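Working notes, beginning with the structure itself.
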Amino acid sequence: MFHLLEQRIQETFQKHIATRYALDVPIVIEQPKQPDFGELALPVAFHLAKQLKQAPRKIAAELVADIGAIDGIAALEVAGNGYINVRFDRARYGQALLDPPPEMKTPSSEKIIVEHTNINPNKAAHIGHLRNATLGDTFVRMLRGLGKSVEVQNYIDNTGVQVADVVVGFQHIRPMPLEQVEVVAEQPRFDYYCWDLYADVSAHYEKDPTALQLRRDALHSIERGVGGTSRLAEIISNAIVKAHLNTMLRLGVKYDVLPRESEILRLHFWDAAFALLQERGAVVHETQGKNDGCWVMRAAAFSEGSEDDKVIVRSNGTVTYVGKDIAYQLWKFGLLGKDFFYRKLDYNKYEVWVTTNRPPDPKSQIPSFGRATRVYNVIDVRQSYLQDVVVAGLRALGFNQQADQSVHFSYEMVALSPRCAAELGIEVPGEDRNRPVEVSGRKGFGVKADDLIDKLISKALDEVASRHAEASAEEQRSIATQIAIGALRYFLLKFTRSSVIAFDFQEALSFEGETGPYVQYAAVRARNISRKLEQKGERVPDFRAELNAAAFGHQLQSEDFWQLLLAASKADRALERAVTAGEPAHVAKYAFQVAQAFNNFYHLYPIIHEQNREKKVFLLWMTDFFRSQLERTLDVLGIEVPAYM
RNA sequence: GCGCCCGUAGCUCAGUUGGAUAGAGCGUCUGGCUACGAACCAGAAGGUCGGGUGUUCGAGUCACCCCGGGCGCACCA
């Protein structure tokens, strides 16, 4: 509702200024510095001042006098040096929230792909991966919240060096026959086993660099896709992928389809992309210099300062990662002229599809994947350069529109706070002692995702058990899990994307202040009100029957009630702005603010015990409105509301 | 060397596309549970927004230059 009025003001002013002054200036809408200034503030007179060569205050007065009545607006006031402050018609506003006008859903042919998680399937997921998945998943929920059609992809690099390293581990560091690996891979915590093995292999390379030949050999076999080594890689990566799906499902994160690198290779996606790139001159064959024999993309295509061309095809004829990524990006937009085959993944928790190189049974129903109009790649900021190359590839092929619609949804890394590193027994040399430590799968440095979740659940369980000793152990655990996940998701979302998170157990395990559980608690309290009411033998009133514009007019004369309602009613605006900014943290911030407003309201006004009928009904309606806004916002954040706390 | 990001209260971070008197959480101190459960609420202390110059009616926000930190710039992914 708030957003609707905002838009209405914007349009009205835009139109008026266009006809009255023949000018097209951006109508910026702000929140007034102080609540008693009104609900919206327009600095538009300042912008016009320059072009009209008049004092802003005079222009503002003119605008206010000429623009006429605007539906839902009680007053426009000139303030300060030329601000225009907008006051809403409170009674109308309350009434509209109670009985919202039907939304005009404009059907859109837009299809958005969000690619996230993308963990190498060779070891357990860690805290850094959780940031990626939580950001990606929340952004998906935000887009869907606005009614967009979104497909979630999780790319599986099952034929890369990281998998090859663990293969080397099973062949040379802790040798194990294939049949035994198959058994071990079915065991719980196989991903933990590989975590250690991977670190051991990396350490082994460091000690004996000649062992890197083992990696090259393994990689080669895996890429060819035949023989025992390839089979070993498949067993490992399939098992780890399921471990990752399980871990992410604990956070409520799901995917629609898992495109795999093996199919990019087997179905010759690269050949198709390479043919296109050659045909349109996007890559050139070097015959001299340091890149002799390679196919490269010219530096000028993707970078202004650098002179280093990017090798796409190595002199030995193999394609680099970026090359494969260009092919994949082309496929996402339906520009490659090829598609994967798909099968349902053998996974019993929910339906998720995976690519395959075998044509399916013609009778089977398979959804359509890819062919997006817009693509978000959730990848950490360190890969900006490579993402730029991918987009330059599209551009060089003449796909400018798709290049514009390719978004690198980047985020900073998660590091371990010095204290956290010390707790994990990671030794840091002298002067770096006070700096955060980078998470490294290769070195085995990091907080494993499942360990962290377990730790959070255990702490939440202590709290739940101390408050609700009467509940069954099973129920306590279920509530504790919801709280733990709420805490974790909120913790990962409250930082803006460009902020490095220095991970610290003490902060992540906090359930007080600006945290997920704080917001959950507010929602639980709001729900409790109607339950208590019914326990007293009363019924939740029929708000539409008992509240009319006059009642809203009365009650919302209270500045306090008005400000609380206003705060609660900004969910649509918060979501809209957060999507535009590409910033899930904004939604998290809003959720906290609404929770704060509600806790304040809850504390200040006895609701059930209110004697005046109209006021009581109004307070109950406010509670219900807060509840719905809190639930909706938490849902976008992927945080559940526990039955009690 | 080139490029990107960051520097705001003791700590961790917001800051709405340049706007009115710079905000929040944590921590510290003070106060509030026989009201709908205190995972809560109220209050206090705490700032030359890294430094400088400029653009502007107006700069935490934009430009340039420094200082300090992080990350990229592979025939690795």
Side-chain angles (χ1 to χ4, degrees), chain A residues 26 28-34 37 41 43 46-47 49-50 55-56 79-83 85 120 157 160-162 215 261 290-296 299 303-308 310-322 324-325 380-386 388 410 412-413 415 417 435-436 438 460 463-464 467-468 483 487 494-496 498-502 504 506-507 510-515 517-518 520-522 524-526 528-533 535-536 573-574 577 580-581 585-586 588-589 592-593 596 599-600 602-609 623 644-645:
Chain A
V28 176
I29 296 189
E30 295 169 9
Q31 297 297 290
K33 204 70 192 169
Q34 288 178 39
F37 287 169
F46 295 109
H47 302 142
K50 222 171 263 170
N81 287 326
Y83 272 97
N85 290 334
N120 275 301
D157 184 4
V161 284
Q162 292 215 13
R215 169 200 273 177
E261 183 163 85
K290 63 172 182 172
N291 293 332
D292 187 12
C294 300
W295 286 86
V296 305
S303 157
E304 288 189 12
S306 166
E307 286 155 25
D308 290 333
K310 180 70 196 168
V311 172
I312 305 295
V313 179
R314 304 182 187 104
S315 53
N316 67 4
T318 58
V319 58
T320 60
Y321 162 78
V322 197
K324 282 178 272 193
D325 223 23
D380 79 78
V381 71
R382 288 175 294 188
Q383 302 209 37
S384 296
Y385 164 72
L386 294 168
D388 287 347
S410 71
E412 266 292 354
M413 59 177 185
S417 74
R435 299 207 190 112
E438 187 182 351
E463 300 284 338
V464 174
R467 284 158 222 245
H468 303 279
I483 293 168
K494 70 195 264 193
F495 302 93
T496 51
S498 60
S499 172
V500 176
I501 298 181
D504 189 275
Q506 197 170 310
E507 283 177 44
S510 167
F511 297 154
E512 288 164 22
E514 195 186 341
T515 66
Y518 176 93
Q520 289 174 311
Y521 188 53
V524 166
R525 285 174 133 186
N528 276 347
I529 295 284
S530 59
R531 210 174 54 201
K532 286 282 164 183
L533 191 74
Q535 274 172 17
K536 272 185 64 181
R573 167 181 172 275
R577 293 178 91 103
T580 305
H586 292 347
K589 185 68 84 181
F592 176 66
Q593 282 165 355
Q596 239 179 352
N599 277 332
N600 182 280
Y602 179 91
H603 183 258
L604 228 48
Y605 303 98
I607 299 163
I608 291 174
H609 306 282
T623 304
Y644 55 81
M645 281 178 79

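Reminder, nothing fancy here: chain letters follow the sequence lines and each chain counts from 1. If you're wondering where the values come from, they're calculated on a predicted model, not measured in any experiment.
- Here the side chain of A:E30 is nearest to one of B:rU17, B:rC73, B:rA77, namely B:rU17.
- Here B:rG1 sits opposite B:rC73 as a Watson-Crick or G-U wobble pair (both hydrogen-bonding atom distances under 3.5 Å).
- Picking from B:rC73, B:rA39, B:rC75 the nucleotide with the shortest atom distance to the side chain of A:S315 gives B:rC75.
- Of the two residues near RNA chain B, A:Y605 and A:D157, the one whose nearest nucleotide lies more 5' is A:Y605.
- Here A:H609 reaches the OP1 or OP2 of B:rC36: one of its side-chain N or O atoms lies under 4.0 Å away.
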Q | ring-ring contact (aromatic ring centres under 6.0 Å, His included) assessment of A:Y518 paired with A:F511 | A | CA-CA 7 Å; A:Y518 176 93; A:F511 297 154; over 10 Å; no
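- Comparing B:rU12 with B:rU55, their C1' atoms sit 34 Å apart, to the nearest whole Å.
- One finds the CD atom of A:E412 at 10.0 Å from the CD1 atom of A:I501 (value rounded to the nearest 0.5 Å).
- Considering only the side chain of A:N600, B:rA42 comes nearest among B:rA42, B:rA77, B:rG37.
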Q. Which nucleotides of nucleotides 28-33 of chain B have their base under 4.0 Å from a protein heavy atom (B), which only their sugar-phosphate (S), and which neither (-), written as one string 5' to 3'?
A. ----B-
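- Here B:rC64 sits opposite B:rG52 as a Watson-Crick or G-U wobble pair (both hydrogen-bonding atom distances under 3.5 Å).
- Between B:rG69 and B:rG15, the distance separating the two P atoms is 25 Å to the nearest Å.
- Listed candidates were B:rA39, B:rA77, B:rA20. Nearest to the side chain of A:F37 is B:rA20.
- Under 4.0 angstrom from either OP1 or OP2 of B:rC36 there lies no side-chain N or O belonging to A:Y521.
- One N or O on the side chain of A:H468 and one on the backbone of A:M645 form a donor-acceptor pair closer than 3.5 Å.
- For B:rA38, one of the phosphate oxygens OP1 or OP2 lies less than 4.0 angstrom from a side-chain nitrogen or oxygen of A:R525.
- With hydrogens and angles left out, the side chain of A:H468 and the base of B:rG37 share a donor-acceptor pair within 3.5 Å.
- Between B:rA59 and B:rU48, the two C1' atoms lie 15 Å apart (nearest whole Å).
- B:rG18 atom P lies 17 Å from atom CD of A:Q31, rounded to whole Å.
- Spacing between atom CG of A:L386 and atom P of B:rA74 amounts to 10 Å, rounded to whole angstrom units.
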Q. What's the verdict on salt bridge (Lys or Arg N to Asp or Glu O under 4.0 Å) for A:D308 and A:K290, showing C-alpha distance, side-chain angles and the deciding distance?
A. CA-CA 10 Å; A:D308 290 333; A:K290 63 172 182 172; 3.5 Å; yes
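- Residue A:N599 places its side chain closer to B:rC41 than to any other of B:rA14, B:rC41, B:rC36.
- Residue contacts shown for A:R531 are absent, as no nucleic acid heavy atom lies under 4.0 Å away.
- Candidate nucleotides B:rC41, B:rC75, B:rC36 were compared by shortest atom distance to the side chain of A:I607, and B:rC36 ranks first.
- Spacing between B:rC73 and B:rC64 at atom C1', rounded to whole Å, works out to 24 Å.
- Across B:rG43 and B:rG7, the matching P atoms stand 29 Å from one another, rounded to whole Å.
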Quick test: give all pairs of protein nitrogen or oxygen and nucleotides 22-25 of chain B nitrogen or oxygen below 3.5 Å, distance rounded to 0.1 Å.
unit_1: B:rG25; atom_1: OP1; unit_2: A:Q596; atom_2: NE2; d: 3.3
unit_1: B:rG25; atom_1: O2'; unit_2: A:E514; atom_2: N; d: 3.3

Contacts under 3.5 Å, N or O only, protein and nucleotides 54-59 of chain B:
none

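- For the pair A:L604 and A:C294, nearest-nucleotide mapping onto RNA chain B gives the more 5' position to A:L604.
- Look at CD on A:E412: it is 16 Å from P on B:rU12, rounded to the nearest Å.
- The interatomic distance linking A:K290 (NZ) with B:rA74 (C1') rounds to 9 Å, in whole Å.
- The C1' atoms of B:rC41 and B:rC4 are separated by 44 Å, rounded to the nearest whole Å.
- Among the nucleotides B:rA38, B:rU12, B:rG72, the one closest to any side-chain atom of A:Y602 is B:rA38.
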